[in-house]
Amino acid sequence: MKTPGLLAQRTKGGKWRGVVAFAAVALLVLAVAPVTLSPFRLELLAKYLCFAIAALGIGLAWGKGGMLTLGQGVFFGLGGYAMAMHLKLAEAGPGELPDFMVWSGVEELPLLWEPFRQPWFALLMVVLLPGTIAALLGLLVFGRRVRGAYFAILTQALAAAFVIWLVGQQGLTGGTNGLTNFSSFFGLDLASAQDQRILYFIVAIVLGLLYLGFRQLVASRYGRLLIAVRDGEDRVRFLGYDPAVVKTVAFTMSAVSAGLAGALFVPVVGIISPALLGVVPSLELVFAVAVGGRYALAGAVLGAVLLNYAKTTFSENYADGWLYLQGALFIGVMAYAPKGVIGLAGQIRDFVALRTRGPARRIPAQQPPPVPPGPSADAPAEPVEPVGPVEKEAVA
Amino acid sequence: MRIISFGRRAARLAAVSLAVALATTACASDESTSKGSAGADTSGDTVKVGVLHSLSGTMSISEVTVKNSVLMAIDEINAKGGVMGKKVQPVVEDGASDWPTFAEKAQKLISGDKVAVTFGGWTSASRKAMLPVFEKNKQLLFYPVQYEGLETSPYIFYTGATTNQQIVPGLDYLKAQGKKKIFLVGSDYVFPRTANKIIKKYAAANGMEVVGEEYTPLGHTEYSTLINKVTQAKPDAVFNTLNGDSNVAFFKQLRSTGISAADMPVLSVSVAEEEVRGIGPDYLAGQPVAWNYYQTTEGARNTEFVAAYKAKYGADKVTSDPMEAGYNSVYLWKAAVEKAQSFDPEAVKKACDGVSIDAPEGKVTIDGATQHVYKTARIGVVQPDGLIKEVWNSGAPIKPDPYLKDYPWAKDL
């Protein structure tokens with residue numbers, strides 16, 4: 001299913017169509033939305049796009065690389081706190097303490113905070129902190145061939161531990177309250193609707209660039225190797241590649257995108273707190289990717305926007321029972337569209353083809369797919385393990 | 001085969017565009033006319049007010065009761081003609097026990113619904129998350145729960161107790177009882193940590209000794225280790241700032257050690273009637289608590305309040321301090337609006353000083369300088385029937401002092 005897409009993209013017609021679709025979405029996001037939406041709704045859309053940036057990373061690591069990472073909140077948080085620390089210090093001014101330290105009884109700026117006064121240091125840390133930690137963790141874990149459910153549990157435990165640590169260090173991190181109350185972001189006045197609009201464009205552009213970058217990565221030789229590792233890690237190893245390195249690169253990229261998402265989330269929403277990075281928000285990100293369709297990067301983006309939009313809409317209209325609707329949406333998508341919303345079009349076409357042309361014509365072409373990746377409802381519990389070469393051979 | 005896959009990729013992207021387009025139009029339709037940010041719409045014969053509490057998640061058990069009492073106050077006011085001749089129309093939103101959601105919904109109430117005022121919040125974290133939103137939009141929030149003090153936002157009215165109206169009187173009570181060695185037990189978040197910082201200062205200045213300080217994560221339920229530490233330290237009393245269901249586990253496990261409330265009282269500041277029902281009165285009977293209101297507080301206004309609440313929500317329901325503070329919030333806002341003869345937040349702020357109502361807890365007056373309220377402190381003891389009996393009160397409402405400026409021992413807080 002994946003590989004034909006890749007080949008398709010290389011041919012002229014496919015590429016052209018892809019470009020048109022991308023341009024259409026870009027036009028919507030960059031031109032239509034800012035004009036038609038009220039400032040408040042635009043801020044919300046900016047928030048959804050922040051989650052989409054993080055989801056894109058999961059799309060890469062999980063969808064393409066088969067690494068079910070349930071702890072992206074950690075990287076989201078590292079990026080977010082790095083940015084928030086800088087904003088807090090910039091606001092407090094030289095020699096002054098951020099407000100929460102004053103009421104937490106901290107008298108001197110902790111050493112850890114000092115370098116974050118420099119904007120370049122904070123920006124560097126947004127990328128470097130999550131990236132380095134993910135790279136080290138990846139080499140350690142993948143080198144020891146920890147994968148599947150064990151990897152998922154490990155990342156989830158990491159998220160839980162991170163939250164407990166953050167809450168315990170009230171003087172350093174603001175505890176459960178987290179860091180809030182920012183008034184400016186590199187010269188942008190966060191209270192002004194005009195500057196919020198600029199911020200929205202920054203988020204949208206980062207998302208667009210990251211999407212294009214990841215697509216390029218997936219289309220490259222490395223991308224094929226990553227998918228090969230997902231579908232048959234041992235085979236790749238026998239061919240002479242080191243799957244640990246291949247996986248670590250993708251995992252690191254996903255961590256960096258989560259870090260960027262967190263850093264942009266801070267000025268957009270105005271808060272970063274442990275409640276945003278624990279097990280539940282990390283799971284929500286994975287749900288979003290599953291709902292959108294994890295086998296396509298666009299699915300991850302779509303899922304994040306869709307799920308968060310649904311969350312806002314449901315909770316505004318049914319304040320009392322919106323969680324049930326949210327749950328029903330997730331179960332519904334998983335049960336009837338296991339490839340996510342983005343796979344629906346293909347599913348419908350297959351269904352129509354079956355009805356109109358009859359089974360005879362489609363059997364030769366469509367026979368293999370039902371057997372392989374089969375992302376059924378239980379898929380989140382186990383990343384796609386070796387499924388055999390059926391699919392690839394059929395394509396070749 | 002290939003042609004099908006080209007189509008697929010395009011279809012995927014098309015699906016994305018479609019979804020974004022839908023979202024765009026859906027959002028645009030409800031508010032395309034309301035480009036500006038703040039500014040309540042009070043032109044019609046109704047005035048909208050926001051009610052923002054957690055209706056789902058861990059905090060919902062507590063916050064739903066406050067939402068109920070706020071809605072009851074609104075109903076009562078509407079039955080008597082509303083505020084300045086306008087019917088009050090509540091817009092209820094769910095904060096979902098999630099701090100950023102509180103900020104998002106607060107903004108939605110202000111710019112989407114154009115509410116004149118919002119009543120909401122429980123945890124300090126939710127208040128801290130909402131604070132910048134209300135300050136940015138210059139709109140009012142009434143926050144109904146006792147908290148850790150050290151805050152005065154120009155756009156927040158604090159109708160629950162600050163530290164000198166609850167924690168300090170609680171400590172005075174323990175001191176008067178001759179308790180010298182105190183053990184501090186709390187959930188790991190801002191209120192207990194800040195409260196304990198104040199308690200330690202108080203203890204140092206009043207010849208008391210803090211013999212231990214322990215925190216457990218919110219929702220923690222394994223207390224045998226902690227109770228071992230408490231019993232080894234042999235304190236005269238425990239000051240308990242645990243929140244939510246942790247109290248259930250803590251008091252049950254404490255009971256199994258056989259230590260009675262008479263030997264070592266556990267003074268709680270987050271356990272009210274509603275929580276007593278959840279923990280079970282058997283485990284709590286005889287333990288002291290510190291609040292400003294109990295269901296048993298005497299006075300005709302309270303009898304009326306309790307009867308109205310039971311009539312509306314069920315005879316088995318209890319009333320508690322945060323519920324009463326939420327109920328008062330609505331009446332205080334009404335009184336301030338009527339004094340100002342305007343719904344404008346700035347006018348209400350200007351007029352608020354000295355605004356007073358006859359509340360279930362007694363007379364409650366707004367202090368204009370801090371936008372907190374004068375409240376009577378009350379120490380109660382949990383009875384076997386689950387209600388709380390007052391054993392001491394401050395006699396008169398105490399002036400709010402969120403930064404404890406009038407307390408020499410709290411100088412360098």
Side-chain angles (χ1 to χ4, degrees), chain A residues 4-5 7-9 11 13-14 17-18 21-22 24-25 28-29 32-33 36-41 43-44 103-105 164 167-168 170 175-178 180-182 191 193 269-271 273 275-276 296 298-299 301-302 305-306 309 312 315-316 319-320 322-323 341-342 344-346 349 365, chain B residues 1-2 4-17 19-21 23-28 31-32 34-35 37 55-56 92-94 96 98-101 103-105 107-108 111-112 123-125 128-129 131-133 135-136 148 150-151 188-190 193-194 197 215 217-218 413:
Chain A
L7 294 176
Q9 186 206 321
T11 62
R17 280 185 194 217
F22 183 81
V25 177
L28 261 178
V29 172
V32 179
T36 50
L37 294 185
S38 70
F40 166 58
R41 293 294 161 187
E43 260 184 74
L44 282 185
W103 71 66
S104 302
I164 292 173
V167 170
Q170 193 185 314
T176 21
N177 284 5
T180 58
N181 210 353
F182 313 103
V269 180
I271 181 172
S273 82
L276 284 161
V301 173
L302 176 66
V305 173
L306 212 59
Y309 173 63
T312 306
S315 63
E316 278 177 10
D320 279 318
W322 65 276
L323 273 174
V341 175
I342 215 148
L344 263 182
R349 204 191 350 266
Chain B
M1 172 83 189
R2 281 196 175 173
I4 289 176
S5 26
F6 304 160
R8 264 191 201 164
R9 181 159 291 271
R12 278 174 194 162
L13 285 156
V16 182
S17 354
V20 176
T24 313
T25 46
C27 294
E31 267 166 56
S32 46
S34 58
K35 284 269 150 97
S37 56
L55 311 180
S56 57
V92 179
E93 287 289 345
D94 179 10
D98 179 55
W99 324 145
T101 304
E104 176 191 321
K105 297 300 178 197
Q107 183 67 54
K108 184 250 170 191
S111 53
T123 61
S124 289
K128 291 279 185 205
L131 179 143
V133 177
E135 289 187 356
K136 180 171 90 176
E148 70 278 5
L150 309 181
E151 187 182 297
D188 200 351
Y189 74 103
V190 174
R193 283 188 178 268
T194 311
K197 215 175 66 175
Y215 297 94
L218 275 171
L413 206 64

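Everything numeric here is computed off the predicted structure, so don't read it as measured data.
- In this structure, A:Asn181 and B:Pro132 approach most closely via the heavy-atom pair OD1-CB, 3.5 Å.
- Using a 4.5 Å cut-off between heavy atoms, B:Pro217 does not touch chain A at all.
- Of the inter-residue distances, the one linking B:Glu104 atom CD with A:Ile271 atom CD1 reads 12.0 Å to the nearest 0.5 angstrom.
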#### Entry: Steps toward side-chain contact (heavy atoms from CB on, under 4.5 Å) verdict (B:Thr194, A:Gln170)
CA-CA 10 Å; B:Thr194 311; A:Gln170 193 185 314; 3.9 Å; yes
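- Contacts between B:Tyr215 and chain A at a heavy-atom distance below 4.5 Å are absent for every atom of the residue.
- Summarising the geometry of A:Thr180 relative to B:Ala129, their closest heavy-atom pair is CG2-CA, 4.2 Å, with the distance given to 0.1 Å.
- One finds the CH2 atom of B:Trp99 at 7.5 Å from the OG1 atom of A:Thr176 (value rounded to the nearest 0.5 Å).
- A:Ser315 and B:Lys105 are linked by a side-chain donor-acceptor pair at a separation below 3.5 angstrom, with hydrogens and angles left out of the test.
- Taking A:Ile164, A:Leu44, A:Val167 one by one and counting their heavy-atom pairs under 4.5 Å with chain B, the maximum is reached by A:Val167.
- Residue B:Lys128 touches chain A through both its backbone and its side chain, counting heavy-atom pairs closer than 4.5 Å.
- Between chain A and the residues B:Leu131, B:Asp98, B:Leu55, B:Asp188, the largest count of heavy-atom pairs under 4.5 Å involves B:Asp188.
- Rounding to the nearest 0.5 angstrom, the gap separating the CD atom in A:Glu43 from the NZ atom in B:Lys108 is 15.0 Å.
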